[in-house]
Amino acid sequence: MTSSNETPRVPAGPTGAVGPVDSSRVPRYAGPATFARLPRLDEVAAADVAVVGVPFDTGVSYRPGARFGGNAIREASRLLRPYNPAQDASPFALAQVADAGDIAANPFDINEAVETVEAAADELLGTGARMMTLGGDHTIALPLLRSVAKKHGPVALLHFDAHLDTWDTYFGAAYTHGTPFRRAVEEGILDTSALSHVGTRGPLYGRGDLTDDEKMGFGIVTSADVYRRGADEVADQLRQRIGDRPLYISIDIDCLDPAHAPGTGTPEAGGMTSRELLEILRGLASCNLVSADVVEVAPAYDHAEITAVAASHTAYELTTIMSRQIAEARNPGDE
Ligand SMILES: N=C(N)NCCCC(=O)O
Ligand SMILES: [Zn+2]
Ligand SMILES: [Zn+2]
């Protein structure tokens, strides 16, 4: 494995996409980690889906450490395999998926970091790629959404999280991990007829948090709703609300119960299982998913890579949805 030309990779398939390193020939724990052992962006002509890290956690209100989340997800993703039976698709053969590395955001200046993330996202989206972003704390959803809205107009948002993240300010700061979606609504970059939180739970500052959130246009599917109604019914309801609008999915890994995702900064008891999350996502496979993020993985609090494994599978399902749609757009009817 001395140069990319010699690296044995999973066979390309009809699209010619450069695939992941072949784990039957190169042990999956060998070599530097990219997401799912995919090629780096500079090893391919162009990417349809760019997996990009944002090692930034200056926006957190409690435990820090999500700056290490992206690389923890990459490490855990070594075990992903090229065929996704749950969606009957080989995501890395249907489209060119590549690891675009990390965005170098300033850890000492949140405003500058937000600008840097937006500019880097503009550049990636400008190449025609969809973004699968690995956080980082939830602050980064704002610049990512700004960039996506420049391309698609105001987008539908599905926000999986224990928290609302529509609070106003923390210590007077407007850009934090608890405020990205209020800012996004204020900026007019979300389609307020199709906004949903999923997995919400836990104590709030006051009832006003909920009334403010509702005024912004959000619907809420609580973690208890998911448990009571089941993943399929929840996915059906969300799909109907989203319709064919361009959709952004933002997944705070703390939507999962701390038993399924202990490695995160603001854990709340009573969360969804990783099975429920993955099943809801599979139920959204027909939505027009333009980009997505998985954020708030803080490996210092993780055990046995529980959180990073859950996050890697979450990103895999999202990537599969995007790859299938790219393939379908290229060759309507077959796949
Ligand atoms: N986005 C995440 N993970 N957490 C927001 C929690 C904000 C708070 O401490 O109230
Ligand atoms: Zn959260
Ligand atoms: Zn969040």
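Numbering starts at 1 and runs along the sequence shown. Remember, it's 1-based here, ligands and their atoms both numbered in the order they're listed. Only this structure's heavy atoms are used, side chains among them; waters, hydrogens and symmetry mates stay out.
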Q) Which atoms of ligand 1 have any heavy atom of E296 under 4.0 Å away? A) 1 (N), 2 (C), 3 (N)
Q. Among the N, O or S atoms that D161 has, which is closest to the Zn ion (ligand 2)?
A. OD1
Q. Hey, are D48 and Q96 close enough side-chain-wise for a donor-acceptor pair under 3.5 Å?
A. no
Q. Which residue supplies the protein heavy atom nearest to atom 9 (O) of ligand 1, what is that atom called, and how far is it?
A. S61 OG, 2.5 Å
(Q) Just by distance, no angles: are the side chains of T273 and H260 close enough, under 3.5 Å, to form a donor-acceptor pair? (A) no
Q) Do T176 and T179 meet the criterion of a side-chain donor-acceptor pair at a distance under 3.5 Å? A) yes
(Q) If I compare all heavy atoms of E317 with all of A86, which pair ends up nearest, and what's the gap? (A) OE2-CB, 4.5 Å
Q) Has H163 got an N, O or S atom lying less than 2.8 Å from the Zn ion (ligand 2)? A) yes
Q: With heavy atoms only and a cut-off of under 4.0 Å, state how Y170 meets ligand 1: side chain, backbone, both or neither.
A: side chain
**Q.** Per-residue contact class, D137 against ligand 1 - non-hydrogen pairs under 4.0 Å
**A.** neither
Q) Hey, is the Zn ion (ligand 2) within less than 2.8 Å of some N/O/S atom on D254? A) yes
Q: Measure from NZ or CZ of R63 to the centre of the six-membered ring of Y301 and say whether it is under 6.0 Å with the direction within 45° of the ring axis.
A: yes
Q) Any side-chain donor paired with an acceptor under 3.5 Å for H163 and D165? A) no
Q: Verify whether one side chain among S193 and R245 offers a donor that lies under 3.5 Å from an acceptor in the other.
A: yes
Q) So, H177 versus T266: side-chain donor-acceptor pair below 3.5 Å or not? A) no
Q | Q87 and R324 side chains, donor-acceptor separation under 3.5 Å | A | yes
Q | Minimum-distance protein heavy atom relative to atom 10 (O) of ligand 1 | A | Y205 OH, 2.4 Å
Q) With atoms numbered from 1 as shown, which atoms in ligand 1 lie under 4.0 angstrom from a non-hydrogen atom of D165? A) 1 (N), 2 (C), 4 (N), 5 (C)
Q | Metal site the Zn ion (ligand 3): N/O/S of H138 inside 2.8 Å | A | yes
Q) Checking only N/O/S atoms, does D252 have one that is under 2.8 Å from the Zn ion (ligand 3)? A) yes
(Q) Taking distance alone, with N or O pairs closer than 3.5 Å, would you say T266 contacts ligand 1? (A) yes
Q) Do other residues, nucleotides or ligands put more than 12 heavy atoms under 6.0 Å from the CZ atom of F108? A) no
Q) Heavy atom under 4.0 Å from ligand 1: found in H177's side chain, backbone, both, or neither? A) both
Q | Under 2.8 Å: N/O/S of D165 next to the Zn ion (ligand 3) | A | yes
Q.
Quick check on contacts: which atoms of ligand 1 are under 4.0 angstrom from a heavy atom of D254?
A. 2 (C), 3 (N)
